[in-house]
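Here is the structure we will look at, set down as structure tokens.
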2 protein chains.
Amino acid sequence: MEHIKPMQISIDIESATPLFSQLVMQIKQAVQDEKVKPGDQLPSIRQLAYDLDMNNKTVAKAYRLLERDSVIVAKGYRGTFIHPEAQANCTIDLNKWVRKELTNTIQSFRQAGVTDSEIRIAFADVLNQSTGV
Amino acid sequence: MEHIKPMQISIDIESATPLFSQLVMQIKQAVQDEKVKPGDQLPSIRQLAYDLDMNNKTVAKAYRLLERDSVIVAKGYRGTFIHPEAQANCTIDLNKWVRKELTNTIQSFRQAGVTDSEIRIAFADVLNQSTGV
DNA sequence: ATATGTGCCGTGTGTACTAATGGTACAACT
DNA sequence: AGTTGTACCATTAGTACACACGGCACATAT
């Protein structure tokens with residue numbers, strides 16, 4: 001049994017921001033503050049869920065997103081670790097990029113006279129029709 | 001009192017497609033089939049609503065959309081008429097363009113690993129934050 | 001046996017939107 | 001007075017989704 005840094009994470013159950021999102025942000029923050037460094041092992045999903053008193057799935061969701069952003073690396077039964085280039089990848093905000101793109105697209109629609117309602121419907125259709133990843 | 005062509009419109013109350021949408025489509029179809037021609041007067045909103053047994057607002061919504069697409073022209077107390085270039089404007093499908101743009105945007109998001117769920121949330125945020133038309 | 005990440009099945013609650021309905025009122029004209 | 005399009009107030013039912021929760025199972029390793 002290895003010693004794993006106790007991850008000073010505080011979850012606010014009252015906050016409006018989702019639990020999984022709080023987790024993601026705080027872990028990214030810890031990486032940027034160099035409180036954790038590449039190669040460091042993270043608590044297991046089940047363990048962290050127990051410590052923070054939340055469901056496994058919620059923690060798993062946070063881990064899944066962090067891995068997609070290459071901030072952590074899951075190695076199956078061996079555990080989960082901080083990604084070698086975690087710090088650099090933390091600054092890449094996929095979300096901001098998405099919003100920027102969407103803002104431009106939506107604005108062009110509006111200028112063409114398309115109703116917000118119509119935009120929503122078209123968006124929902126497109127997102128559902130073509131099979132997602 | 002002028003004679004107005006009786007607008008052979010049949011609304012299917014059971015259909016999944018919204019009533020206002022059925023109206024829009026059928027009027028556009030009538031224009032393309034040349035059953036109505038530029039300058040022809042349309043029934044008033046209230047009259048058509050009475051004939052089709054639906055609410056004024058529903059018909060008004062259809063008229064509003066048709067006017068935005070320059071298929072009809074509302075002249076206030078004088079009534080509503082078929083737009084001079086209605087036929088040409090019928091073929092311009094604003095909706096198709098919107099979907100095409102959205103399809104491209106969404107696909108680029110997906111390829112970047114963004115979850116559909118994340119896309120939805122970002123989309124809703126952007127649409128609500130910036131003031132719509 | 002025990003632990004790892006991961007997958008699929010489901011439930012419940014809250015939110016947000018569409019679609020359609022109704023009422024009332026206005027200015028501008030015949 | 002009556003009609004036109006249009007604007008504002010509102011409610012109702014239905015749908016869709018996010019979020020968090022729970023149980024069960026798997027392969028892979030120590």
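Just so we're on the same page: letters track the sequence lines, and every chain starts at 1. Since this is a predicted model, take the numbers as computed values, not measurements.
Scored by the ring-ring contact (aromatic ring centres under 6.0 Å, His included) test, B/Y63 finds no partners at all (sequence neighbours excluded). In this structure A/Q47 satisfies the side chain to side chain donor-acceptor pair (under 3.5 Å) test together with A/D51, sequence neighbours excluded. Residues passing the side-chain contact (heavy atoms from CB on, under 4.5 Å) test with B/S108 are A/W97, sequence neighbours excluded. Every residue was checked against the side-chain contact (heavy atoms from CB on, under 4.5 Å) condition with B/P38, not counting sequence neighbours, and none meets it. Listed by chain and number, the residues in a salt bridge (charged side-chain N to carboxylate O under 4.0 Å, His left out) with A/D125 are B/R99 (sequence neighbours excluded). For A/D53, there are no side-chain contact (heavy atoms from CB on, under 4.5 Å) partners two or more places apart in sequence or in a different chain.
Across all strands shown, A/Q47 has no heavy atoms under 4.0 Å from either base or sugar-phosphate atoms.
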Protein proximity profile, nucleotides 24-30 of chain C - base contact B, sugar-phosphate-only contact S, no contact -, cut-off 4.0 Å on heavy atoms: -B--BS-
Let me have a per-nucleotide readout for nucleotides 14-19 of chain C, 5' to 3', with B, S or -, counting only protein heavy atoms under 4.0 Å. ---SSS
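Taking every side-chain heavy atom of A/E67 into account, C/dT6 is the closest of D/dC21, C/dT6, C/dT21.
Among pairs with a residue in residues 59-76 of chain B, those fulfilling salt bridge (charged side-chain N to carboxylate O under 4.0 Å, His left out) read A/E118-B/R68, B/K28-B/D69, at least two apart in sequence or across chains.
Rounded to whole angstrom, the span from the CD1 atom of B/I119 across to the C1' atom of D/dA18 amounts to 15 Å. Nucleotide D/dA16 holds its P atom 11 Å from the CG atom of A/D125, rounded to whole Å. In this structure, CZ of A/R64 is placed 11 Å from C1' of C/dG5, rounded to the nearest angstrom. For the pair B/F123 CZ and D/dA18 P, the computed distance is 13 Å after rounding to whole Å. We find that CG of A/D53 is positioned 8 Å from P of D/dC21, with the value rounded to whole Å. Here the C1' atom of nucleotide C/dG7 and the OH atom of A/Y63 are 18 Å apart, to the nearest Å. Rounded to whole Å, the distance from CG on B/L66 to C1' on D/dG5 is 14 Å. A/Q129 places its CD atom 13 Å from the P atom of D/dA16, with the value rounded to the nearest Å.
Here A/T80 reaches the OP1 or OP2 of C/dG5: one of its side-chain N or O atoms lies under 4.0 Å away. OP1 or OP2 of C/dA20 has not a single side-chain nitrogen or oxygen of B/N55 nearer than 4.0 Å. An OP1 or OP2 oxygen of C/dA3 is reached within less than 4.0 angstrom by no side-chain nitrogen or oxygen of A/S44.
A donor-acceptor distance shorter than 3.5 angstrom exists from the side chain of B/N128 to the backbone of B/A124, with no hydrogens or angles considered.
The residue among B/A74 and A/T58 whose nearest nucleotide of DNA chain D lies closer to the 5′ end is B/A74.
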